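Below is one structure; the comments refer to it alone.
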2 protein chains.
Amino acid sequence: MTSRLEALCLEKGLKMTGQRRVISQVLSEADDHPDVEEVHRRAVRIDPRISIATVYRTMRLLEDAQVIERVDLGDGRARYEEATADHHHHLIDTRTGRIIEFASPELESMKERIARELGYKIVGHRLEIYGVPLDEDERP
Amino acid sequence: MTSRLEALCLEKGLKMTGQRRVISQVLSEADDHPDVEEVHRRAVRIDPRISIATVYRTMRLLEDAQVIERVDLGDGRARYEEATADHHHHLIDTRTGRIIEFASPELESMKERIARELGYKIVGHRLEIYGVPLDEDERP
DNA sequence: TCTGGGATTGCGAACGATTTTCAGTATGAT
DNA sequence: ATCATACTGAAAATCGTTCGCAATCCCAGA
């Protein structure tokens with residue numbers, strides 16, 4: 001069975017090896033933001049003969065092919081998510097590490113406007129909010 | 001002469017050594033976002049017997065004491081700036097590496113609102129915009 | 001279906017940024 | 001001035017990541 005990412009790789013003309021197939025599957029099934037070690041851990045469960053170096057190489061390949069996106073969440077390692085058309089950002093629960101994705105068109109346009117006022121054209125950006133859950137009585 | 005940061009250190013009850021004095025001076029005089037190596041380079045100009053390890057240690061100390069702030073600009077190393085009361089963000093010129101600081105109260109409140117809607121209280125956040133200068137004819 | 005050669009892999013070594021270890025040194029309270 | 005303690009330099013260790021290289025795999029073409 002062909003995973004979503006595997007299809008994308010074929011589309012981009014990437015050579016489809018066993019390990020790339022497995023890593024694509026792992027990433028297709030992930031709904032979190034695994035780092036390379038975690039991807040490797042999951043990949044090895046499917047096929048034990050996959051080295052961490054290959055995972056690193058494949059992640060870079062997929063990133064370059066714009067199939068996945070690197071997310072830098074401030075802990076020293078790279079995390080990844082499937083590439084999506086819409087810009088979104090991350091709210092990190094500092095108590096649990098849970099990551100909540102959110103998008104805000106207003107935020108996007110404000111950011112555009114700020115850059116424009118400073119005389120710049122945006123080529124990339126990133127916003128992360130670190131937070132803790134509101135107490136019961138503070139909920140909106 | 002006592003630099004601004006040195007005064008802050010004394011205030012916090014930190015032991016004032018020669019190297020801390022020099023590093024404090026370097027940081028007080030900096031108006032950019034130097035990384036550890038750059039701080040070390042500047043410190044050594046004032047007193048050559050300062051090791052990079054001490055700079056690393058002192059930066060962490062000052063960061064913990066909230067005297068300076070770590071800025072993660074996406075190039076693999078930590079950069080620093082003096083801690084300020086007001087939140088501000090960074091626009092990084094990807095062509096030259098120039099860093100432009102900006103603040104936006106609207107952005108702050110929007111970010112508060114987003115967190116609140118998601119059921120969170122903000123404990124920290126960061127926004128970086130990467131951009132290239134607008135062409136002449138695009139300037140606002 | 002078989003083959004050749006370039007792409008890909010696994011391993012371990014190399015890497016850059018940062019932290020730690022440890023023995024020697026300096027600081028500030030007394 | 002003394003002394004316990006905190007601090008320092010130098011080198012080794014650590015962490016995430018990349019690289020070099022020989023062995024292996026994939027797939028277009030015969």
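Within every chain, numbering begins at 1; the chains are lettered A, B, ... in the order of the sequence lines, protein sequences first and strands thereafter. These numbers were taken from a predicted model, which means no experiment stands behind them.
- Here dT27(C) is the nucleotide among dT27(C), dG10(C), dC27(D) with the atom lying nearest to any side-chain atom of Thr17(B).
- Arg60(B) comes within 4.0 angstrom of sugar-phosphate atoms only, judged by non-hydrogen atoms across all strands, and of no base.
- Between Leu62(B) atom CG and dC7(D) atom P there is a gap of 12 Å when expressed in whole angstrom units.
- In the interface, the side chain of Arg77(A) is not paired with the base of dT14(D) through any donor and acceptor atom under 3.5 Å apart.
- Backbone-only engagement by Arg49(B) is indicated by non-hydrogen atom pairs under 4.0 Å involving sugar-phosphate atoms exclusively.
- Side-chain proximity of Ser51(A) to the nucleotides dC11(C), dC7(D), dA11(D) is greatest for dC11(C).
- Residue Glu37(A) contributes atom CD, which lies 6 Å from atom P of dG16(D) at whole-angstrom precision.
- Rounded to whole angstrom, the span from the CD atom of Glu63(B) across to the P atom of dA17(C) amounts to 18 Å.
- Put simply, CG on Asp35(B) is 14 Å from P on dG16(C), counting in whole angstrom units.
- Regarding Tyr56(A), its OH atom lies at a distance of 14 Å from the C1' atom of dG16(C), rounded to whole Å.
- Hydrophobic clustering (ILVMFWY, side-chain heavy atoms < 4.5 Å, transitive): Ile122(B) and Met110(B) are in one cluster.
- Atom CE of Met16(A) is separated from atom P of dT9(C) by 10 Å (rounded to the nearest Å).
- At least one donor-acceptor pair closer than 3.5 Å links the side chain of His89(B) to the backbone N or O of Leu127(B).
- Residue Arg20(A) places no side-chain N or O under 4.0 Å from the OP1 or OP2 atom of dA7(C).
- Nucleotide dC21(D) holds its P atom 14 Å from the CZ atom of Arg57(A), rounded to whole Å.
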Would you sort out whether Leu5(A) and Ile68(A) count as a side-chain contact (heavy atoms from CB on, under 4.5 Å), showing the intermediate values? CA-CA 9 Å; Leu5(A) 287 193; Ile68(A) 58 174; 4.1 Å; yes

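- The residue Ile52(A) sits apart from the nucleic acid: no heavy atom pair falls under 4.0 Å.
- In this model, a side-chain donor or acceptor of Lys15(B) finds a partner on the base of dT27(C) within 3.5 Å.
- In the model, Glu81(B) has a side-chain atom that pairs as donor or acceptor with a side-chain atom of His33(B) under 3.5 Å.
- We find that CG of Leu61(A) is positioned 13 Å from P of dT18(D), with the value rounded to whole Å.
- Under the 30°/60° scheme for interplanar angles, the aromatic rings of His87(A) and His125(A) are found to stand perpendicular.
- For dG10(C), one of the phosphate oxygens OP1 or OP2 lies less than 4.0 angstrom from a side-chain nitrogen or oxygen of Gln19(A).
- Across the interface with DNA chain C, nearest-nucleotide mapping of Thr58(A) and Gly18(B) shows Thr58(A) to be the residue nearer the 5′ end.
- Closest to the side chain of Ala78(B), out of dT17(D), dT9(C), dT18(C), is dT18(C).
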